[in-house]
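Count residues from 1 along the sequence. Just so you know, ligand 1 is whichever comes first in the structure, and atom 1 is the first atom listed for that ligand.
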Amino acid sequence: MDRLVITGGEPLFGEITVSGAKNAALPILAASLLSAEPLTVNNLPRLKDTTTMLSILTQMGVETRAFDGGVSIRARDVRHLEAPYELVKTMRASILVLGPMLARFGAGKVSLPGGCGIGARPIDQHIKGLEAMGATIDVEQGYLVARADGLRGAHIVTDMVTVTGTEHLMMAATLAAGETIIENAAREPEVSDLADVLNKMGAKIVGAGSDRIVIEGVAALAGATHTVMPDRIETGTFLCSVAACGGDVVLHGAKADTLDAVIVKLREAGVTIESGADWIRVAAEHDSARERLAPVSIRTSEYPAFPTDMQAQFMALNCVANGTSRISETIFENRFMHVAELGRLGAMIEVEGNTAIVSGVERLSGATVMATDLRASAGLVIAGLIAEGETRVDRIYHLDRGYEQMETKLSALGAKIRREAEPR
Ligand code: EPU
C-alpha cells in the first residue's frame, strides 16, 4: 500500500490541467454495452475506478483499445452477461452495467455491491425503476439476476434524488419500447454528459439537467465519439488546496459553471476566483501578513447546491479559519470519518447528528492519518498541506480511485508531497 508524505506550509503557484470527470466517465463506459458499434471516449481519467469498469467490460467479452487520453470500446460479442463479485466489491458504480445488459440482451447478472464506507447506499431505486420497465429481478447467491422480455417505457418517480439511479434508468430506457419519464431526476452535470453521449449514439433524450427527463426508446443505438466533461470535484479540490496554502494558480480545462455553489463559498472564505470558458484562476494571500480564512458554513445537497463530494475538503479549510462554522451532511449518513483524523492534526470539531461544528484553530500540526474514503482522503491531503511539519496520509488507494496523479499535480505547483510505500 502507498501513502503520501506531505510537508505543509508551501504556497502553490503555476498552472495545471484538470482531468476528465470520474463520475461522468463511469456511466459513459457502461453505456458502451448499449451498442454493437464502437464508442470512443476521449479525456478518460486514468483512475482505479475507470480501470475497474473497463475490466468488467473486458471480462464480458467487450473489446477495449486504450490510446493516449482515451479508449475505444466495442461491445460486439458480449459473451458473459455478468459483473463478478471480485470487481463489483471494489466499486459500487459497477451496478450501472445491469440496465444496459438488460435493455440490449434481455438478461444480466451483477454481484450485489457490498457495504460502503460512506453509509448504507441502497440501490432500491435502480431496481424499482427497472422493474417498472418490465424486468424481473431476483437475488441469487449474492447476485442480482435480471431478466426482461424486452423493456418497455414507464413513468418513474424516484423516492429521492439519485445520481447513478437516474443515469442507470436513463440508459435502460434508451432501448425500451415507447416513452419513459423520470421525475425527481438528478440534475448533476454528469447526468447531462451521459445524455449527450447517448443522444450522439442515436438515443432520444430530452430534459437531462432538469428534474424531468423524457426518453423515447429506439430500436438500436450506433457508435459515437465523446469527450468526457472536466472533473468538477477534482477542480474544487485544487481550488481548496490553493485556498489552504495561499498562492495563485490557473486550472486549465475547468468549467466554473459546474461549480457555482463551491465558488460562492470560497469567495465567502476570502479567496479570489476568476474564470473563463475553460479555465479558473484562484488566488489567495500567502505571506506572513495573510489573514486567516473566514469560516464558511455549508449544507450538502443535490446539484446545483453544495456537493457532498466537496464536504471533507471544506472541513479541512474551516479547521484553520478565523471562527466557527457548521457543516451539515444531508446526502450520506456516515460521511464524517475524516473528523477523527483531522483531530489528530489538532483540529477542533464536534459532531452532533449530521452536523459538524468546527472551531477554527491557528495552526494544525503534522501527524500520521488514515484515509477512509475517497473524498475524506482529499480533505486529509489539504489538511496536510496546511499543517506544520510532516503529515503522512496512509491508505491512499482510496484517493487513487478518483484523483489522477494528485501528488504530481500538487508538486508541479510547489507543494512538498511525495508518494512512498507504506512500511508493512
Ligand atoms: N439512495 C437510496 N436508494 C437508491 C439510490 C440512492 O436510498 O436506490 C440514497 C443514497 O443512500 C444516498 C442518496 O440516495 O443517501 C443519494 O445517493 P446517490 O444515488 O445520488 O449516490 P450515488 O449515485 O451512489 C453518486 C456519486 C458519488 C456522489 C453521490 C452524490 C458516482 C459514481 N458516484 O453516487 O460520488 O457522492 O452521487 O452526489 O457518480 C465520489 O465520487 O466520491 C462519490 C461518492
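Counting heavy atoms closer than 4.0 Å to ligand 1, residue D309 contributes side-chain atoms (C-beta onward) but none from N, CA, C or O. Neither the backbone nor the side chain of E234 comes within contact range of ligand 1; no heavy atom lies under 4.0 Å. Under 4.0 angstrom from ligand 1, the non-hydrogen atoms of T308 all belong to its side chain. With a 4.0 Å heavy-atom cut-off, ligand 1 is reached by no atom of D373. Under 4.0 Å from ligand 1, heavy atoms of V163 appear from its side chain as well as its backbone.
Within the structure, the closest approach of G402 to ligand 1 does not fall below 4.0 Å when heavy atoms are considered. Judged by the shortest distance from any of its heavy atoms, H168 lies outside the 4.0 Å radius around the atoms of ligand 1.
Considering backbone and side-chain atoms alike, T164 places an N or O below 3.5 Å from some N or O of ligand 1. For M160, no nitrogen or oxygen atom sits less than 3.5 Å from a nitrogen or oxygen atom of ligand 1, counting backbone and side chain alike.
Minimum interatomic distance between Q313 and C240 (heavy atoms only, all atoms of both residues): CB-SG, 4.0 Å. A pairwise comparison of heavy atoms in G202 and L221 identifies C-CD2, 3.7 Å as the closest pair.
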Go through R419 and E407 one step at a time and tell me if the salt bridge (Lys or Arg N to Asp or Glu O under 4.0 Å) criterion holds.
CA-CA 7 Å; R419 178 183 289 257; E407 75 279 12; 2.7 Å; yes

Audit row: Q311, H338, side chain to side chain donor-acceptor pair (under 3.5 Å) steps and yes/no
CA-CA 10 Å; Q311 180 254 104; H338 38 288; 2.8 Å; yes

Report the C-alpha distance between R74 and E37 in whole Å, list the side-chain angles of each, state the deciding distance to 0.1 Å, and finish with yes or no for salt bridge (Lys or Arg N to Asp or Glu O under 4.0 Å).
CA-CA 6 Å; R74 184 157 200 181; E37 291 175 32; over 6 Å; no

Applying salt bridge (Lys or Arg N to Asp or Glu O under 4.0 Å), run through D159 and K128 and close with a yes or a no.
CA-CA 10 Å; D159 291 349; K128 279 188 197 162; 3.4 Å; yes

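Among A186, P122, G165, the residue whose heavy atom lies closest to atom 5 (C) of ligand 1 is P122. With distances taken over non-hydrogen atoms, the option nearest atom 44 (C) of ligand 1 out of R335, M310, R375, H398 is R335. Atom 32 (C) of ligand 1 has its nearest heavy-atom neighbour, among D124, N23, V161, in N23.
Those atoms of ligand 1 with a heavy atom of I331 less than 4.0 angstrom away are 12 (C), 15 (O), 16 (C). Every atom of ligand 1 with a heavy atom of I123 under 4.0 Å away is listed here by number and element: 4 (C), 8 (O). Interface atoms of ligand 1 facing Q125, defined by a heavy-atom separation under 4.0 Å, are 3 (N), 4 (C), 8 (O). Distances below 4.0 Å separate heavy atoms of K22 from the following atoms of ligand 1: 40 (C), 41 (O). The distance from ligand 1 to the heavy atoms of H126 drops below 4.0 Å at these ligand atoms: 8 (O).
We find that R147 and D138 are joined by a salt bridge, their nearest charged nitrogen and carboxylate oxygen being less than 4.0 Å apart. Ion pairing between a basic and an acidic side chain is recognised when a charged N comes within 4.0 Å of a carboxylate O; E190 and R232 show such pairing. Between D2 and R395 no salt bridge is recorded (no basic side-chain N to carboxylate O distance below 4.0 Å).
Proximity of the aromatic rings of F306 and F314 is defined here by a centroid distance below 6.0 angstrom, and this criterion is met.
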Which pairs would a plain distance check flag for residues 18-29, meaning a side-chain donor or acceptor within less than 3.5 Å of a matching protein atom at least two apart in sequence or in another chain?
residue: S19; atom: OG; partner: E404; partner atom: OE1; Å: 2.9
residue: S19; atom: OG; partner: K409; partner atom: NZ; Å: 2.9

